[in-house]
Amino acid sequence: MSTAEPILLTPGPLTTSARTRQAMMVDWGSWDDRFNQLTASLCEQLLAIINGAASHHCVPLQGSGTFAVEAAIGTLVPRDGKILVLINGAYGKRLAKICDVLGRSFSTFETAEDEPTTANDVDRLLRADPGITHVALIHCETSTGILNPLPEIAQVIARHGKRLIIDAMSSFGALPVDAQQVPFDALIAASGKCLEGVPGMGFVFARKESLASAAGNSHSLAMDLHDQHSYMARTGQWRFTPPTHVVAALHEALLQYNEEGGLPARHRRYAANCQALMEEMSKLGLRSFLPAAIQAPIIATFHAPKDPRYQFKEFYERVKAKGYILYPGKLTQVETFRVGCIGHVTPAQMREAVAAVAQVLSEMEVLEI
Ligand SMILES: *Cc1c(COP(=O)(O)O)cnc(C)c1O
């Protein structure tokens, strides 16, 4: 039994550093200049990660990542717009549900959970329906870990003169996106994923012209990014009570991100985590759901052992008792479980986590993998 808190091998909330958690030990006043400077510095650093300062605004928003996705769609898609939603997992389905709830017209294109959407698909779909104004895409679909070919899809959408909204929640900060190379209207991410902050705020990189012309689109006061941005630009303050501790933690997490070497270093560590995980799991005979070519180094999905003695709940509890929190599968057709590669963890810890998995399978007398 481990006495320390277990390590989260989950795609957010995830394991953060002690230094990041320590940054929350201050009560900030939301009117205070120092806090406003923290927010401004945060937005500036976030924009730098996508090389977006010239073309995009960073609009932070209180809440979990989904709040920011909903706000982006509600703000940037006019009420008479039409969204093509590209789906290969649960988060893609959530995009469609948001469009539905917001009353925006939309169509969906769904591929299997182990099949990326292609630029050819998008080209064909846009040709077939000139009424589409926006396309919504999940960069890394966290329900499996599959990577969709964002740069190629973005080029096709731009060629058709349509606008792209990217849910890059689980990839932002670890997989490169250059706003000057990849055309998009909005890219959405959050504090508690690859930046290794704590959960509680999302942010939307919104193309400046698109945001400027989005006044009055939003169905909601609290979720109106146009209003959020203009208020912040005018006053330096958040429109409503900011998640002060979350902002402070994310600011501290970004200092560490840059000290580590920024995106290339973060990507390298996560790729090494993922590789260590895959190597050790395959030694146990546990099979990855996705082929390596379409696997993002964010989260990995494994087929559950076939042995009837395997039950996820017991497996989970026993692995947790050894110090690691795994993640249930999110597939409807096949039984799986997931292991996150992101967070303040190292390849050595990934190997230790798999050693714990091996012990647990043996304790549970799971023989047939
Ligand atoms: C985590 C995540 C979200 C946001 O989920 P919340 O539970 O609202 O934080 C959205 N999209 C993707 C792809 C994600 O991984």
Which atom names give the shortest non-hydrogen contact between [X] and [Y], and what distance separates them?
X: L286; Y: P305; answer: CD2-CG, 3.9 Å
X: P347; Y: N273; answer: N-OD1, 2.9 Å
X: V177; Y: H139; answer: CG2-CE1, 4.1 Å

(request) Any chance you could lay out the side chain to side chain contact (heavy atoms under 4.5 Å, CB included) test for L284 and V354, step after step, and finish with the verdict? (result) CA-CA 9 Å; L284 303 183; V354 183; 3.7 Å; yes

Between [X] (side chain) and [Y] (backbone), is there a donor-acceptor pair under 3.5 Å?
X: T235; Y: Y231; value: yes
X: S230; Y: H226; value: yes
X: T75; Y: S218; value: no

(request) State the CG-CD1 distance between L187 and I165, to the nearest 0.5 angstrom. (result)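 It comes to 11.0 Å.
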
(message) Do K193 and Y91 form a cation-pi contact, if we require the NZ or CZ to be under 6.0 Å from the six-membered ring centre and within 45 degrees of the ring's axis?
(response) yes

(message) Side chains of Q228 and L61, heavy atoms from C-beta outward: is any pair under 4.5 Å?
(response) yes

(request) Measure the shortest side-chain to side-chain distance between T244 and V26 over non-hydrogen atoms and say whether it is less than 4.5 angstrom. (result) no

Would you call [X]-[Y] a salt bridge at under 4.0 Å N-O?
X: R266; Y: E196; result: yes
X: R239; Y: D224; result: no
X: R19; Y: E259; result: yes
X: E314; Y: R309; result: no
X: E363; Y: K322; result: yes
X: D100; Y: K97; result: no

(request) Before giving the answer on ring-ring contact (aromatic ring centres under 6.0 Å, His included), spell out for F337 and F315 the whole-Å C-alpha distance, their side-chain angles and the decisive distance to 0.1 Å. (result) CA-CA 10 Å; F337 66 92; F315 174 66; 5.1 Å; yes

(request) State whether the number of non-hydrogen atoms from other residues, nucleotides or ligands found under 6.0 Å of R287 atom CZ is greater than 12. (result) no

(message) Among D114, T336, L331, I294, which residue satisfies the side-chain contact (heavy atoms from CB on, under 4.5 Å) criterion with T144?
(response)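 Testing T144 for a side-chain contact (heavy atoms from CB on, under 4.5 Å) against D114, T336, L331, I294 leaves exactly one candidate, L331.
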
(request) Determine, using ring centers only, whether F172 and F205 are less than 6.0 Å apart. (result) yes

(message) In this structure, is the centre-to-centre distance between the rings of F184 and H56 below 6.0 Å?
(response)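 They qualify: ring centres under 6.0 Å apart.
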
(request) Could you go through the salt bridge (Lys or Arg N to Asp or Glu O under 4.0 Å) check for R94 and D167 one step at a time? (result) CA-CA 11 Å; R94 190 179 294 175; D167 174 347; over 6 Å; no

(request) Please check if Y257 and L250 belong to a single hydrophobic cluster, counting links between Ile, Leu, Val, Met, Phe, Trp and Tyr side chain heavy atoms closer than 4.5 Å. (result)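 Yes, Y257 and L250 fall within the same hydrophobic cluster.
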
(message) Using the rule side-chain hydrogen bond (donor to acceptor under 3.5 Å, both in side chains), only one of Q256, E252, R21 pairs with T16; which is it?
(response) R21

(request) Can you sort out the partners of R351 under side-chain hydrogen bond (donor to acceptor under 3.5 Å, both in side chains), two or more places apart, ordered by chain and number? (result)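 In terms of side-chain hydrogen bond (donor to acceptor under 3.5 Å, both in side chains), with neighbours along the sequence ignored, R351 is linked to E279, E280.
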
